[in-house]
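So the structure is just underneath, and the comments pick up after that.
Since the structure is predicted, the reported quantities are computational estimates derived from the model, not experimental observations. First the proteins, then the strands, lettered A, B, ... as listed; each starts at 1.
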Number of protein chains: 2
Amino acid sequence: MLLSDNGIPQHRQLYEILKDHIGQGLYKPGDLLPSENALCATYSVTRPTVRQALNSLLAEGFIKKQQGKGSIVQPKRIGIGILSILGTTDSMPPGTLKTRVVDKPKVMPWIFDFDFEITKEEEQSGCIRMSRQRLVNGNPLLFEVTNLPNINLPRFCNRSFENRSLFGILSKYYDIKVTGGEQKIWSLPATKEINKYIGAKPGEPVLHLQKKYETSRPFYHFYTSIWCNTENYYLMGTF
Amino acid sequence: MLLSDNGIPQHRQLYEILKDHIGQGLYKPGDLLPSENALCATYSVTRPTVRQALNSLLAEGFIKKQQGKGSIVQPKRIGIGILSILGTTDSMPPGTLKTRVVDKPKVMPWIFDFDFEITKEEEQSGCIRMSRQRLVNGNPLLFEVTNLPNINLPRFCNRSFENRSLFGILSKYYDIKVTGGEQKIWSLPATKEINKYIGAKPGEPVLHLQKKYETSRPFYHFYTSIWCNTENYYLMGTF
DNA sequence: CACACTAACTTGTCATAACAAGTTGCGAAT
DNA sequence: ATTCGCAACTTGTTATGACAAGTTAGTGTG
């Protein structure tokens with residue numbers, strides 16, 4: 001079991017493999033991952049590579065590390081990683097999240113209902129805007145509006161996003177990977193509009209996130225606004 | 001300028017130095033830090049050490065890195081890091097945050113108004129509880145209740161926390177450093193009690209965080225609840 | 001003058017090596 | 001049977017070296 005020489009760094013490949021294994025239950029919460037040296041042997045890489053992969057898993061809360069003991073798999077939690085670099089889909093245990101497209105992606109002028117500066121080039125290119133509703137265990141919990149600059153994304157508006165990950169589509173078809181970003185968080189009363197999608201009665205407190213994502217394509221950013229009904233669920237993160 | 005051989009790892013020392021330099025304005029937003037090789041030479045360490053320090057600064061949003069260019073100092077933002085591993089005090093630009101102690105630290109039985117499990121040992125030891133109000137530019141914005149297990153913290157209740165950092169006191173006097181943690185975030189209506197401290201009228205949406213901190217002392221955790229008035233400010237983070 | 005190329009930077013990735021520090025289990029001594 | 005201590009693990013830290021990949025500024029050509 002070794003890693004080929006495509007363009008993807010080895011530590012990234014190993015990260016994906018281990019994340020999948022944890023997601024599939026091959027390692028259960030409380031279990032130890034194979035030791036760093038064991039992973040080195042299994043995948044024919046060296047410790048710096050393995051440690052980079054493990055540090056990514058650590059940063060996103062999938063494992064904890066304890067010196068002298070090992071890498072301990074953490075229990076899956078609703079919303080883990082939604083505050084970190086993961087997309088909404090990747091931050092939920094597989095199967096718990098359903099996505100319903102409310103407004104299909106459509107090219108339009110920018111609507112500045114989010115609070116980040118965009119560049120002139122982004123503004124002139126126009127905006128691809130879509131909105132999606134997210135259901136956790138059948139309950140509508142999140143409403144998400146995504147704005148992407150309309151730069152070199154052929155056929156984007158024709159793709160299906162029903163129950164599929166935006167991050168996955170950007171990565172697979174356009175080789176755009178999310179490298180980081182920033183977010184703003186606050187609390188506000190639900191509006192009638194929001195009520196329709198996440199079932200929070202108008203006036204009830206709702207969690208609001210605005211995110212700016214940076215990507216592997218230079219100067220290409222995109223922006224999402226998320227409204228979250230936190231009456232019965234909360235967002236969770238590790239640090 | 002070299003780093004001595006005390007117990008603190010070199011990458012940690014370099015991290016602190018660079019964080020201070022950025023905080024003091026020696027490097028301004030948009031500036032490049034010295035290159036990795038230059039830092040190696042200046043502090044007589046090697047690249048893995050420098051890169052570990054820079055990665056910590058990156059994770060907490062103080063810098064961004066760009067391949068081929070360098071490490072770019074980021075603008076200071078209100079609340080940066082409050083969602084990450086930094087304490088409230090360390091996550092604000094120096095001078096903007098004032099702390100007022102509402103209830104001095106006091107030993108008492110645990111009050112489970114927070115939503116984390118604690119161990120039997122923690123429960124039996126009792127709890128040191130304190131509450132503080134945080135003012136940003138003179139405006140009361142945050143109300144913070146801290147619960148620590150009463151285990152081997154001599155003279156803790158006699159110390160002054162007025163305008164001082166809990167993280168700093170734990171580190172300086174008890175050699176307890178925060179190594180990580182988890183948090184839950186949701187939105188709820190302000191109560192009369194909360195209204196007194198952060199000026200949000202009862203019923204208005206308020207941001208609520210509950211944090212569990214893990215420390216360098218094995219099995220020692222502490223817990224904070226934070227209420228935040230987000231009418232005019234928001235919390236911000238990077239990822 | 002405008003453009004293309006190159007050299008000299010930067011960070012990113014990865015291999016190899018050694019020792020420190022924390023954890024665990026086993027075997028010997030009590 | 002219990003305890004102690006050591007050996008064999010684990011991750012943490014740090015050094016050295018090499019090459020890949022992205023940026024920038026200057027150089028030379030058209």
Side-chain angles (χ1 to χ4, degrees), chain A residues 2-16 18 27 30-59 62-73 175 177 179-180 214-220, chain B residues 2-16 18 27 30-59 63-74 175 177 179-180 214-220:
Chain A
L2 70 165
L3 300 163
S4 63
D5 190 23
N6 49 4
I8 303 163
Q10 294 180 343
H11 67 85
R12 198 73 210 160
Q13 297 181 43
L14 180 54
Y15 158 86
E16 296 289 348
L18 293 173
Y27 306 110
D31 284 358
L32 295 179
L33 289 186
S35 77
E36 297 181 354
N37 284 322
L39 291 171
C40 292
T42 306
Y43 297 100
S44 305
V45 291
T46 57
R47 260 189 87 201
T49 307
V50 168
R51 286 180 64 79
Q52 230 172 321
L54 293 179
N55 280 338
S56 300
L57 293 171
L58 178 67
F62 291 105
I63 62 170
K64 285 206 183 308
K65 295 170 96 180
Q66 193 182 344
Q67 187 177 156
K69 195 167 183 188
S71 303
I72 306 158
V73 176
D175 197 33
K177 298 183 197 340
T179 55
E214 285 148 20
T215 71
S216 55
R217 187 193 278 185
F219 305 109
Y220 191 82
Chain B
L2 69 167
L3 300 163
S4 64
D5 191 23
N6 49 5
I8 304 165
Q10 294 180 343
H11 67 84
R12 200 71 209 162
Q13 298 181 42
L14 180 54
Y15 158 86
E16 296 287 349
L18 293 174
Y27 306 110
D31 285 358
L32 295 180
L33 289 186
S35 77
E36 295 181 355
N37 284 322
L39 291 171
C40 291
T42 306
Y43 297 98
S44 305
V45 292
T46 56
R47 261 188 87 201
T49 307
V50 168
R51 285 179 65 79
Q52 261 185 89
L54 293 179
N55 280 338
S56 300
L57 293 171
L58 178 68
I63 62 170
K64 284 205 183 308
K65 296 170 97 182
Q66 192 182 343
Q67 186 177 156
K69 195 167 184 189
S71 302
I72 306 159
V73 176
Q74 294 304 110
D175 197 33
K177 298 182 197 340
T179 55
E214 284 147 22
T215 71
S216 54
R217 188 192 277 187
F219 305 109
Y220 190 82

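- At least one side-chain heavy atom of B:Lys65 sits under 4.5 Å from a side-chain heavy atom of B:Asn55.
- The side chain of A:Gln66 places an N or O atom within less than 4.0 Å of a non-bridging phosphate oxygen (OP1 or OP2) of C:dT23.
- A distance-only check finds no donor-acceptor pair linking the side chain of A:Ser71 to the backbone of A:Leu33 [under 3.5 Å].
- Taking every heavy atom of residues 51-59 of chain A and every atom of DNA chain D, pairs under 4.0 Å involve A:Arg51, by number.
- Taking only distance into account, the side chain of B:Arg47 never meets the base of D:dG17 through a donor-acceptor pair shorter than 3.5 Å.
- Two residues are said to be in side-chain contact when any heavy atoms from C-beta on lie closer than 4.5 Å; B:Tyr27 and B:Pro34 meet this criterion.
- Residue contacts shown for B:Pro48 include a base, since a base heavy atom lies under 4.0 Å away.
- The interatomic distance linking A:Lys65 (NZ) with D:dC9 (P) rounds to 20 Å, in whole Å.
- Between the CD1 atom of A:Ile72 and the C1' atom of C:dT24 there is a distance of 13 Å, rounded to whole Å.
- For the side chain to side chain donor-acceptor pair (under 3.5 Å) test, no residue two or more places apart in sequence or in another chain qualifies with A:Lys69.
- At a threshold of 4.0 angstrom between heavy atoms, the contacts of B:Thr49 are confined to the sugar-phosphate backbone, with no base atom among them.
- Rounded to an integer number of Å, the gap from CD1 of B:Ile8 to C1' of D:dG12 is 15 Å.
- In this structure, A:Gln13 atom CD and C:dT13 atom P are separated by 12 Å, rounded to whole Å.
- Checking D:dT10, D:dG12, C:dT11 against every side-chain atom of A:Glu36, the shortest atom distance belongs to D:dG12.
- A:Lys64 places its NZ atom 18 Å from the C1' atom of C:dG22, with the value rounded to the nearest Å.
- Counting only distance, with no hydrogens or angles, the side chain of B:Glu36 and the backbone of B:Arg51 share no donor-acceptor pair below 3.5 Å.
- Closest approach of A:Lys64 to A:Leu58, counting heavy atoms only: CA-CD1, 3.8 Å.
- Atom pair A:Leu14:CG and C:dC14:C1' shows a separation of 13 Å (rounding to whole Å applied).
- Comparing B:Gly70 and B:Pro218 along DNA chain C, the residue whose closest nucleotide (by nearest heavy atom) sits nearer the 5' end is B:Gly70.
- Closest contact between the side chain of B:Gln67 and the listed nucleotides D:dT16, D:dG22, D:dT13 involves D:dG22.
- Listed candidates were C:dA15, D:dT11, C:dT13. Nearest to the side chain of A:Asn37 is D:dT11.
- Contact annotation: the side chain of B:Lys177 never approaches that of B:Arg12 to less than 4.5 Å [non-hydrogen atoms, C-beta and beyond].
- Between A:Lys69 and the phosphate of C:dG22, there is no side-chain N or O to OP1/OP2 separation shorter than 4.0 Å.
- With contacts defined as side-chain heavy-atom distances shorter than 4.5 Å, the pair B:Ile63/B:Ile72 does not qualify.
- What separates CD of A:Gln10 from C1' of D:dC19 is a distance of 13 Å, to the nearest Å.
- Remark: P of C:dT24 and CG of A:Leu32 are 9 Å apart, rounded to the nearest angstrom.
- Backbone-only contact: A:Ser35 has heavy atoms under 4.0 Å from sugar-phosphate atoms and none from a base.
- Checking C:dA15, D:dT13, C:dT13 against the side-chain heavy atoms of A:Val45 singles out C:dA15 as nearest.
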